[in-house]
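What you see below is based on every heavy atom in this structure, not just the backbone, and it leaves out hydrogens, waters and symmetry mates.
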Amino acid sequence: MEEAEKGSQLHPDTVPEVGEDAVTSVGPSSPPPTMTEEEQQELQEELVKVEDEILTLSQVLAAKEKHLVDIKRKLGITPLNELKQNFTKTWQEVTTSTAYRRTSETLSQAGLKATAAFSNVGSAITRKLEDVRNATTFKSFEEKVDTLKTKMNPPASTINPGEQDMGSPTNELNQPEGSSPQGNADELRPG
């Protein structure tokens with residue numbers, strides 16, 4: 001046993017892979033000089049025995065896997081159904097986990113805080129716009145725009161009544177093409 005420990009200390013990174021052939025993991029090195037031929041023979045017999053057991057277990061596992069597939073096929077369980085069931089089960093486990101609940105609660109609280117923050121920002125912008133609208137500079141600008149608007153479009157009461165019938169732009173725009181304001185009245189009279 002001590003010799004095996006010494007060998008593993010000398011070559012710590014020579015651990016065989018699962019399923020790797022035991023002979024190739026030992027390698028071509030010669031047996032330690034302290035081992036007798038009888039001990040070597042016993043180990044060789046044990047090696048063959050273990051390899052046979054591994055082969056037998058592999059064959060049994062393959063037969064069991066085939067039997068499992070047959071049973072699932074008879075029950076109508078397809079790989080897609082299994083995948084759906086696994087996904088559903090995993091999702092249920094995730095959603096009932098403490099970490100998920102905590103994360104969900106945290107995100108919910110963060111959403112509420114974000115909503116409140118956006119509301120506060122909107123209120124602040126509204127107040128700022130009201131402040132700008134009530135500022136003297138804006139009032140002055142607004143008055144200038146109203147004055148300009150009044151000069152560009154005088155109210156209907158400032159136009160002389162005679163001018164309104166005689167070729168005023170608003171009256172001409174309301175007339176159909178090729179007709180005069182008086183012509184419409186003549187067309188309406190029975191003749």
Side-chain angles (χ1 to χ4, degrees), residues 8 11-20 61 64-191:
S8 66
H11 303 288
D13 55 348
T14 59
V15 177
E17 293 287 325
V18 174
E20 184 176 348
L61 179 62
K64 293 282 185 184
E65 287 176 341
K66 184 180 178 195
H67 185 64
L68 176 73
V69 169
D70 289 341
I71 292 171
K72 285 182 178 181
R73 183 181 45 79
K74 289 176 183 177
L75 290 173
I77 299 172
T78 65
L80 182 60
N81 289 344
E82 282 185 283
L83 182 64
K84 287 178 184 177
Q85 288 174 350
N86 289 342
F87 181 75
T88 303
K89 181 181 176 186
T90 303
W91 181 249
Q92 185 178 13
E93 289 172 358
V94 166
T95 56
T96 57
S97 71
T98 305
Y100 178 84
R101 286 195 312 259
R102 286 181 185 162
T103 303
S104 178
E105 290 170 3
T106 302
L107 289 176
S108 177
Q109 291 172 358
L112 293 174
K113 289 178 182 178
T115 301
F118 287 134
S119 177
N120 289 340
V121 167
S123 297
I125 290 172
T126 302
R127 282 192 305 269
K128 210 47 144 163
L129 288 174
E130 285 295 321
D131 291 347
V132 167
R133 190 162 188 242
N134 293 331
T136 56
T137 306
F138 187 81
K139 291 285 187 185
S140 173
F141 177 74
E142 192 175 32
E143 289 172 2
K144 289 179 182 177
V145 168
D146 282 343
T147 303
L148 182 64
K149 181 180 163 188
T150 303
K151 287 181 180 177
M152 296 295 286
N153 295 326
S157 61
T158 60
I159 299 175
N160 293 336
E163 288 179 24
Q164 195 170 11
D165 289 337
M166 298 303 231
S168 73
T170 56
N171 202 14
E172 288 177 4
L173 289 175
N174 293 334
Q175 299 299 323
E177 261 185 66
S179 66
S180 66
Q182 288 91 14
N184 286 343
D186 291 337
E187 291 175 5
L188 294 175
R189 290 187 193 139

Please list every donor-acceptor pair under 3.5 Å in which a side-chain atom of residues 94-101 meets a protein atom from a residue at least two apart or in another chain.
residue, atom, partner, partner atom, Å
T95, OG1, W91, O, 3.0
T95, OG1, Q92, O, 3.1
T96, OG1, Q92, O, 2.9
T96, OG1, E93, O, 3.2
S97, OG, V94, O, 2.7
S97, OG, Y100, N, 3.2
R101, NH1, T96, O, 2.8

Contacts of type side chain to side chain donor-acceptor pair (under 3.5 Å), residue T103, not counting sequence neighbours =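 T103 satisfies side chain to side chain donor-acceptor pair (under 3.5 Å) with no other residue.
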
request  = Return the set of residues passing side chain to side chain donor-acceptor pair (under 3.5 Å) with E82 (not counting sequence neighbours), or none when no residue passes.
outcome  = K72

Counting only pairs under 3.5 Å, give me each side-chain donor-acceptor contact of residues 124-138, with atom names and distances, residues two or more places apart or in other chains.
residue, atom, partner, partner atom, Å
T126, OG1, G122, O, 2.9
N134, ND2, E130, O, 3.2

ask   = To the nearest 0.5 Å, how far apart are NZ in K64 and CD1 in I71?
value = 9.0 Å

query = Just how far is it from atom OG1 of T147 to atom CE of M152, taken to the nearest 0.5 Å?
reply = 13.0 Å

Distance-only criterion, 3.5 Å: show the donor-acceptor pairs between side-chain atoms of residues 107-114 and protein atoms not counting sequence neighbours.
none

ask   = How would you list, by chain and number, every residue that makes a side-chain contact (heavy atoms from CB on, under 4.5 Å) with N86, sequence neighbours excluded?
value =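 N86 satisfies side-chain contact (heavy atoms from CB on, under 4.5 Å) with no residue once adjacent residues are dropped.
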
